[in-house]
Amino acid sequence: MPEPIKVLVVDDSALMRQLLAKILGSDPHIQVVGVAADPFVARDKIKALRPDVLTLDIEMPRMDGLTFLEKLMRGHPMPVVMISSLTERGADTTLRALSLGAVDYVSKPKLDVCDGTVEQADEIIAKVKAAAGAKVRTGSSPAPPETAARPYHFSATHKVVAIGASTGGTEALKDVLTCLPADFPGIVMVQHMPEAFTAPFANRLDSLCRIHIQEARDGDHILPGHALLAPGGHQMAVVRRGAEYTVRVYRGERVNRHLPSVDVLFNSCAQHLGKNALGVILTGMGNDGAQGMLRMKQAESRTIAQDEATSVVFGMPKEAIRLGAVDDVLPLDGIGPFLLDLLGRTAAS
């Protein structure tokens with residue numbers, strides 16, 4: 001039997017420490033080796049207990065979670081799962097934590113006073129397990145390759161790039177999208193995120209990129225120089241009306257436990273776009289998107305997966321590759337330039 005994953009829980013709330021320790025300790029493959037009420041206690045316990053994963057609250061006295069995370073990633077990089085609140089302010093802070101090197105985040109568990117059930121238990125356990133095997137990114141990634149020096153002329157043919165990502169995807173999407181020029185073909189994207197998080201994430205990407213990025217609304221057109229991000233709590237599909245492509249955004253059922261789901265987006269691309277679509281699957285836990293990417297490939301779409309070496313969690317790309325759904329496997333820093341060259345060649349041919 002493999003050694004259990006050693007977890008240290010850091011939270012200023014005694015109730016949250018008890019609740020998280022109980023949730024994580026219920027899994028036979030996880031051992032909660034300690035709890036800490038603030039980062040100063042956590043620092044000493046990290047040295048003494050050598051945990052594999054840290055769960056870290058954001059709002060704490062004496063030192064907030066972001067400051068501690070930044071110091072930790074400089075001196076002792078390790079997998080960290082943030083415990084955040086489902087608010088817009090919480091979303092902005094969580095996105096900052098992910099950019100500093102946190103592997104993932106979960107919303108604060110809600111205790112049902114009546115029967116003591118915990119809604120997020122499965123999610124918390126799954127994300128801690130994934131974090132234990134994740135590649136830790138420390139700090140911001142290097143600047144994207146300069147594309148202005150190479151002129152790209154894109155085909156008048158209406159191409160659409162569909163991208164799916166999960167764990168590690170917020171930084172991976174940033175790395176891909178910041179490579180792209182302002183007139184790049186239209187993009188549709190799914191990043192597994194709750195409802196309060198997708199609008200701040202889209203705004204953050206928009207501030208960093210040449211293309212315009214926004215949270216999608218039902219009926220939005222897919223246009224060159226624009227990227228549409230599926231809103232949390234909704235499914236998003238591509239719809240073709242004559243020569244125009246739009247998105248359908250709706251309150252649907254979870255697919256592969258996700259809302260939004262990459263499979264829903266990729267399946268719609270296979271159905272409505274065929275060879276006019278390019279599918280990209282990035283780092284992420286689980287298998288969402290693998291079946292949809294296979295359908296895209298069968299519909300003659302070009303398909304691309306991030307490689308294992310640069311994936312924070314090589315789950316979603318691995319499953320797509322295993323199914324034979326992927327044409328090209330590339331490192332993260334090669335995906336943006338590859339898309340540029342691929343669509344540029346299409347324009348020149």
Side-chain angles (χ1 to χ4, degrees), residues 86 88 91 95 154-166 169-170 173-174 176-177 180-282 288-289 291-293 295-296 299-303 339 343:
L86 278 173
E88 189 165 323
L95 291 169
F154 300 106
S155 170
T157 303
H158 199 56
K159 295 284 187 180
V160 174
V161 177
I163 308 176
S166 187
T170 55
L173 279 169
K174 182 194 75 173
V176 173
L177 297 175
L180 307 179
D183 57 346
F184 190 78
I187 299 172
V188 285
M189 309 180 293
V190 165
Q191 165 70 46
H192 293 157
M193 276 185 162
E195 198 158 350
F197 282 48
T198 42
F201 179 48
N203 293 338
R204 175 176 177 264
L205 289 175
D206 187 60
S207 71
L208 298 171
C209 298
R210 301 177 185 93
I211 61 174
H212 174 59
I213 298 164
Q214 68 182 63
E215 185 183 55
R217 298 159 301 187
D218 187 44
D220 277 347
H221 286 75
I222 303 170
L223 301 170
H226 290 70
L228 300 174
L229 178 69
H234 296 72
Q235 298 293 6
M236 184 174 78
V238 171
V239 179
R240 182 171 185 166
R241 295 186 175 93
E244 293 186 335
Y245 299 147
T246 62
V247 292
R248 180 181 171 229
V249 175
Y250 60 98
R251 291 271 188 186
E253 297 296 321
R254 290 181 178 272
V255 174
N256 301 324
R257 300 190 302 174
H258 294 292
L259 190 66
S261 162
V262 181
D263 265 336
V264 170
L265 177 63
F266 283 2
N267 286 336
S268 70
C269 290
Q271 181 180 354
H272 295 289
L273 305 185
K275 62 177 64 176
N276 282 337
L278 291 87
V280 181
I281 196 160
L282 300 176
D288 188 32
Q291 289 287 346
M293 179 159 275
R295 292 189 179 96
M296 288 187 72
E300 300 185 69
S301 305
R302 187 71 174 259
T303 56
L339 290 172
L343 294 172

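Not measured: the values here are computed from a predicted model.
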Has [X] got a side-chain atom pairing as donor or acceptor with [Y]'s backbone, closer than 3.5 angstrom?
X      : Y      : answer
Gln191 : Gly232 : no
His158 : Ile222 : yes
Arg240 : Gly242 : yes
Lys159 : Lys275 : yes
Asp206 : Ala202 : no

If you compare all heavy atoms of [X] against all heavy atoms of [Y], which two are closest, and at what distance to 0.1 Å?
X      : Y      : value
Val238 : Cys269 : CG2-SG, 3.9 Å
Ser261 : Gln235 : N-OE1, 2.8 Å
Val262 : Ala165 : CG2-N, 4.1 Å
Val190 : Ala230 : CG2-CB, 3.8 Å
Asp183 : Pro224 : O-CB, 4.2 Å
Val247 : Ala216 : CG2-CB, 4.3 Å

Examine the side chains of Asp220 and Gln214 and answer whether a donor and an acceptor come within less than 3.5 Å of each other.
yes
Roughly how far apart are [X] [atom1] and [Y] [atom2], rounded to 0.5 Å?
X      : Y      : atom1 : atom2 : result
Met236 : Leu265 : CE    : CG    : 5.0 Å
Arg295 : Thr303 : CZ    : OG1   : 14.0 Å
Glu300 : Asn276 : CD    : CG    : 10.5 Å
Phe197 : Leu229 : CZ    : CG    : 13.0 Å
Leu259 : Tyr250 : CG    : OH    : 9.0 Å
Ile213 : Ser207 : CD1   : OG    : 8.5 Å

Decide yes or no for [X] and [Y]: does some side-chain heavy atom of the first lie under 4.5 Å from some side-chain heavy atom of the second?
X      : Y      : answer
Tyr245 : Val188 : no
Leu343 : Phe184 : yes
Arg248 : Asp218 : yes
Leu339 : Leu278 : yes

Please determine whether side-chain contact (heavy atoms from CB on, under 4.5 Å) holds for the pair Leu205 and Lys174, giving the CA-CA distance in whole Å, both sets of side-chain angles, and the decisive distance to 0.1 Å.
CA-CA 6 Å; Leu205 289 175; Lys174 182 194 75 173; 3.9 Å; yes
Name of the residue among Asp288, Asn256, Thr198, Thr170 meeting side chain to side chain donor-acceptor pair (under 3.5 Å) with His192
Asp288
Please assess Leu180 against Ile187 for the test side-chain contact (heavy atoms from CB on, under 4.5 Å), listing each intermediate value before the final yes or no.
CA-CA 11 Å; Leu180 307 179; Ile187 299 172; 3.6 Å; yes
